[in-house]
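Being a predicted model, the structure only gives us computed values, none of them experimental. Note: hydrogens, waters and symmetry copies are ignored here, and every other heavy atom, side chains too, is used. Chain naming here is simple, since letters A, B, ... match the order of the sequence lines and numbering starts at 1 in each.
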2 protein chains.
Amino acid sequence: MATTPKDHAALLEKLRACDVRPTPQREVVLKVILDKRDHPTADEVFARVKSQMPTISLATVYNCLDTLVQCGLVRQVNFERAPTRYCPNLEEHAHFHDETTGKILDVELPADFMARLREVLPAGFDASSIELNFRGSAKPGAN
Amino acid sequence: MATTPKDHAALLEKLRACDVRPTPQREVVLKVILDKRDHPTADEVFARVKSQMPTISLATVYNCLDTLVQCGLVRQVNFERAPTRYCPNLEEHAHFHDETTGKILDVELPADFMARLREVLPAGFDASSIELNFRGSAKPGAN
DNA sequence: GTGAATGCAAAACCTTTGCAACTGG
DNA sequence: CCAGTTGCAAAGGTTTTGCATTCAC
């Protein structure tokens with residue numbers, strides 16, 4: 001279960017708030033991402049969406065994902081050579097790639113953490129986004 | 001010019017220290033990466049290597065790069081959906097992707113910075129590597 | 001000599017593109 | 001109606017693979 005409303009009306013509202021057409025495809029793509037707390041690839045999103053909307057195409061899923069990322073409704077996570085993953089968590093957080101399970105986990109950050117990270121940038125550098133990725137292994141139990 | 005010795009003997013020594021066969025291909029791949037301070041893609045490495053060793057194949061370049069990364073002689077940098085880049089700088093540092101120029105720049109970090117970053121990880125998580133990537137634009141002049 | 005590395009070509013993989021048909025406002 | 005979106009199929013670019021040949025030790 002996600003932290004945010006995910007019923008029909010709420011989803012459409014989110015889309016409209018971003019000034020994008022609330023198409024059924026975008027709604028479903030957004031829905032399946034918000035419905036879980038994981039980090040699916042485009043292909044996994046496609047699979048989930050297909051069960052609700054069998055006629056959707058993979059290209060449309062890619063289109064919708066791009067739109068949602070641009071709107072800031074969903075985040076992108078990039079690790080190594082692996083396919084791009086999508087993240088429903090809009091809070092400031094880092095990612096931990098567990099090499100044992102292959103899973104990606106969210107790492108909560110203290111308040112203002114990202115703001116303080118920016119301080120390492122030399123004068124003249126302005127970061128619009130920051131990605132902090134850990135890779136390693138997690139003992140079973142945590143998260 | 002790189003920070004580290006890059007003549008024949010020194011390169012071979014580096015490879016031997018990693019317990020890998022010091023083949024001419026590995027040596028040249030390592031050389032062209034250490035010779036500059038930039039972040040070439042596999043294709044760019046291939047182009048540079050070819051001028052010194054015209055018979056080398058792209059697959060071998062990929063093999064060598066993988067080996068060098070595993071040895072820790074070279075680092076990998078991953079940004080967005082872009083092709084993987086390779087980095088000669090073994091110091092602790094972050095990367096800044098300048099969206100205006102498309103270039104990737106090294107960002108120096110204060111001592112122990114990465115160690116302190118690790119502290120945000122919950123108990124039970126052990127990170128073998130950390131990637132800190134900024135994206136944005138840099139005013140001309142810096143770096 | 002032998003296991004490892006190379007070179008080549010083909011395949012795999014993820015993602016993008018072109019375009020005709022459709023649709024939401 | 002009309003710009004924007006979809007669905008499909010085909011192309012694109014990067015990386016990997018299979019296998020015969022060659023090489024470093």
To the nearest angstrom, how far is B:Leu58 atom CG from C:dA10 atom C1'? 13 Å

Pairwise 5' ranking along DNA chain D for A:Val61 and B:Ala82, keeping only the more 5' one: A:Val61

Distance check needed: C:dA5 C1' versus B:Gln70 CD, whole Å only. 14 Å

Would you indicate which nucleotide in C:dG25, D:dT6, D:dT15 comes nearest to any side-chain atom of A:Thr60? D:dT6

Minimal non-hydrogen separation, A:Ala94 against A:Phe134, with atom names: CB-CE1, 3.9 Å

Using a 4.0 Å cut-off on heavy atoms, which residues in residues 20-29 of chain B reach DNA chain C? List them by number, or say none. B:Arg21, B:Thr23, B:Gln25, B:Arg26

What is the distance, to the nearest angstrom, from the CG atom on A:Asp19 to the C1' atom on D:dA3? 14 Å

Go nucleotide by nucleotide along DNA chain C from the 5' end; which of A:Asp66 and B:Ile56 gets its closest nucleotide reached first? B:Ile56

Examine the side chains of B:Ser137 and B:Asp98 and answer whether a donor and an acceptor come within less than 3.5 Å of each other. no

Is a side-chain N or O of B:Gln25 found less than 3.5 angstrom from the main chain of B:Val61, in a donor-acceptor match? no

Any A:Thr84 side-chain N or O less than 4.0 Å from OP1/OP2 of C:dT15: yes

Interatomic distance, A:Met53 CE vs C:dT23 C1' [rounded to whole Å]: 13 Å

Is it true that B:Lys14 and B:Asp19 have a side-chain N and a carboxylate O under 4.0 angstrom from each other? no

Between CG of A:Asn63 and C1' of D:dC8 the distance, given in whole Å, is 12 Å

Side-chain N,O (B:Ser57) to OP1/OP2 (C:dC8) below 4.0 Å: no

N/O donor-acceptor pair under 3.5 Å between A:Thr67 side chain and A:Asn63 backbone: yes

What integer distance in Å separates A:Glu80:CD from D:dT14:P? 18 Å

Taking any heavy-atom pair under 4.0 Å as a contact, classify B:Thr55: base, sugar-phosphate, or nothing. sugar-phosphate

Whole-Å distance separating the CG atom of A:Leu12 from the P atom of C:dT23: 17 Å

Under 3.5 Å, is there a donor-acceptor pair between the side chain of A:Thr41 and the main chain of A:Thr84? no

B:Leu15 CG to C:dA4 C1': how many Å, rounded? 15 Å

By nearest heavy atom, map B:Tyr62 and A:Ala59 onto DNA chain D; which one lands nearer the 5' end? A:Ala59

Are there more than 12 heavy atoms of other residues, nucleotides or ligands under 6.0 Å from atom CD of A:Glu108? no

